[in-house]
Protein chains: 2
Amino acid sequence: MPEATGSSHTMRALTELRQRILNGELQGGTRLLEVPLAEMLQISRTPVREAMSRLAEEGLLERARSGFVVRTFGLDDVIDAIELRGVLEGTAARLAAERGANPELLSRITRIVAELDECFDGGPGDTDFESYSRLNADFHHVLAQLAGSKVIARELDRVMRLPFASPSAFLPDKVDMVSRRHSLDLAQAQHREIVAAIGEREGARAEALAREHARTARRDLEYVIARKRSLTGPVASIALIVD
Amino acid sequence: MPEATGSSHTMRALTELRQRILNGELQGGTRLLEVPLAEMLQISRTPVREAMSRLAEEGLLERARSGFVVRTFGLDDVIDAIELRGVLEGTAARLAAERGANPELLSRITRIVAELDECFDGGPGDTDFESYSRLNADFHHVLAQLAGSKVIARELDRVMRLPFASPSAFLPDKVDMVSRRHSLDLAQAQHREIVAAIGEREGARAEALAREHARTARRDLEYVIARKRSLTGPVASIALIVD
DNA sequence: GCCGCATGCAATGTATACATTTTGCACCAC
DNA sequence: GTGGTGCAAAATGTATACATTGCATGCGGC
């Protein structure tokens, strides 16, 4: 039985299309036609369809009456997606606190928070952005699982897979590190508080903290927009659309 | 250009497979093989794949390393899905209140609540269950849109499409109407309160009420389980698995 | 001039042949 | 007995030919 999830041509089509959508080459509202895409990628229509189907599942495309259309994201949608992530993470945190979190996961997330601290240890101007970004993603991934609910974790993963709703989408990077270090400090303090609230089984507090944490991401987004600074990551085009 | 969304063979496969999953003929964990399904449905593998892809999008199937597997739902998952619906509806209600709901939608949902009242007018034992169920679905559908957020509405629709998370899944039906009339009365009172809170722009209250409303659905579910009464609707098998 | 139908084109739906790959099973070596 | 390796078969990945369908365009009648 071959891999149904990641065949070579399908995977390439998936990767290429995703990239072209995220970098703005395929703008929102664009209708995707099988034949031209197949010719462009030098493959047959079949893997193109398969790839488009998966991108619809990811939320980057939507099915039209016929075929697929690139989903349109405006500033409102980006803000709502961040809000939604906050709500879902709040729910995950609350349920984890109420039901009692898996001890192994709880110690794992505690360790992640400690490792996040270490990213600042190199010195004030020597923050390890790459490590921070990766560990931050780990934190949110473990948080999604902490409620012990497949349903919650699944939907949270879905929402976080939208690139502009990802926990690291608008993180202050090296360029901003000096002026916006306080944002990272705040976020890290929130990480600690969320884990503490879950450990102390204070559900309501854990939920409120997780929501507030997402609002930090929103403030980072607003900073990016205010500065009209183009992003470097996969969210580049979104930031432009948003602008 | 033909219809990409609802071709005959694909649609038939979609309908048949969905039904066989929901009625338990295809149990959770079952691996779906293209060739046997194509033979069973007397069509080729292509529309079978298309249908399975859409069922994965609906959340009834999940992609395995190879092919698709029927998603497993236990009692925990059903409860979590209802909780999730409550959280999302709470968010929709809160945002609608905070941002100001679309007046047209607000009057529409107000009217739906009034029409729900009329379902009881026929007399104590003459409640129109069909109408109530339909109007109840309408209420929740409009509520999903009331926040004016495509992102929220989309995710809410996704969750509600899971048959056991639908607002009408465990509604007391004719059989229970006498003994469980109070459940419908409570739900209807909550409908009114939610709309009122949104109209009065009390976000936190609207959110809390919507969450509480979902817990009514959870109590209905628990009643069904406690009575070990098999359901008649599309959720029949789920209720059995749950049991 | 306008309405309506027919026709052609374009795009996706469907079927099927073939390629690729995974996986289960058996056999052999250790 | 256990583990690994290889082979075979089954299942999906891929390509492509053909069917179907919806839309646009143009012509003809009214």
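Just so we're clear, the structure is a prediction, and the values are computed from it rather than from any experiment. To find a chain, count down the sequence lines: A is the first, B the second, and so on, and within it residues start at 1.
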| message | Could you check whether B:E89 and B:H213, counting side-chain N and O atoms only, form a donor-acceptor pair closer than 3.5 Å? | response | no
| field | Closest to the B:E34 side chain, choosing from D:dA11, D:dG13, C:dT23 | value | D:dG13
| Hey, does the side chain of B:R49 come within less than 4.0 Å of D:dG13's phosphate (OP1/OP2), counting only N and O? | yes
| said: With a 4.0 Å cutoff (strictly under), does any side-chain N or O of A:T10 reach OP1 or OP2 of D:dT14? | reply: yes
| Below 4.0 angstrom, N of the basic side chain to O of the carboxylate: do B:E83 and A:R94 qualify? | yes
| field | A:R211 side-chain N/O to A:G86 backbone N/O, donor-acceptor pair under 3.5 Å | value | no
| field | Closest to the A:L33 side chain, choosing from C:dT12, D:dT12, D:dT16 | value | C:dT12
| message | Without decimals, in angstroms, what is the distance between A:E39 CD and C:dT12 P? | response | 12 Å
| Considering residues, nucleotides and ligands other than B:R108, do more than 12 of their heavy atoms fall under 6.0 Å from its CZ? | no
| message | Could you check whether the side chain of B:R45 and the base of D:dG13 have a donor-acceptor pair of N or O atoms closer than 3.5 Å, going by distance alone? | response | yes
| said: What is the distance, to the nearest angstrom, from the CZ atom on B:R65 to the P atom on C:dT20? | reply: 22 Å
| So, is B:S44 near the phosphate of C:dA15, with a side-chain N or O under 4.0 Å from OP1 or OP2? | yes
| Interatomic distance where CD1 belongs to A:I43 and P belongs to C:dC18 [whole Å] | 22 Å
| Under 3.5 Å, side chain of A:T110 to main-chain N/O of A:L106, donor-acceptor pair present? | yes
| task | Please state whether the phosphate of D:dA15, meaning OP1 or OP2, lies under 4.0 angstrom from any side-chain nitrogen or oxygen of A:H9. | result | yes
| request: Calculate the interatomic distance between A:L41 atom CG and D:dA15 atom C1'; express it in whole Å. | output: 15 Å
| Which whole-number value in Å describes the distance from B:M11 CE to D:dT21 P? | 14 Å
| Whole Å only: how far is the CD atom of B:E50 from the C1' atom of D:dT12? | 16 Å
| task | Please work out if B:L37 contacts a base, only the sugar-phosphate, or nothing of the nucleic acid, heavy-atom cut-off 4.0 Å. | result | nothing
| query | So, does the side chain of B:T46 form a donor-acceptor pair with the base of C:dA15 at under 3.5 Å? | reply | yes
| request: Report the distance from atom CD of B:Q42 to atom P of C:dT14, rounded to the nearest whole Å. | output: 15 Å
| said: In this structure, how many angstroms lie between the C1' atom of D:dA15 and the CZ atom of A:R12, rounded? | reply: 15 Å
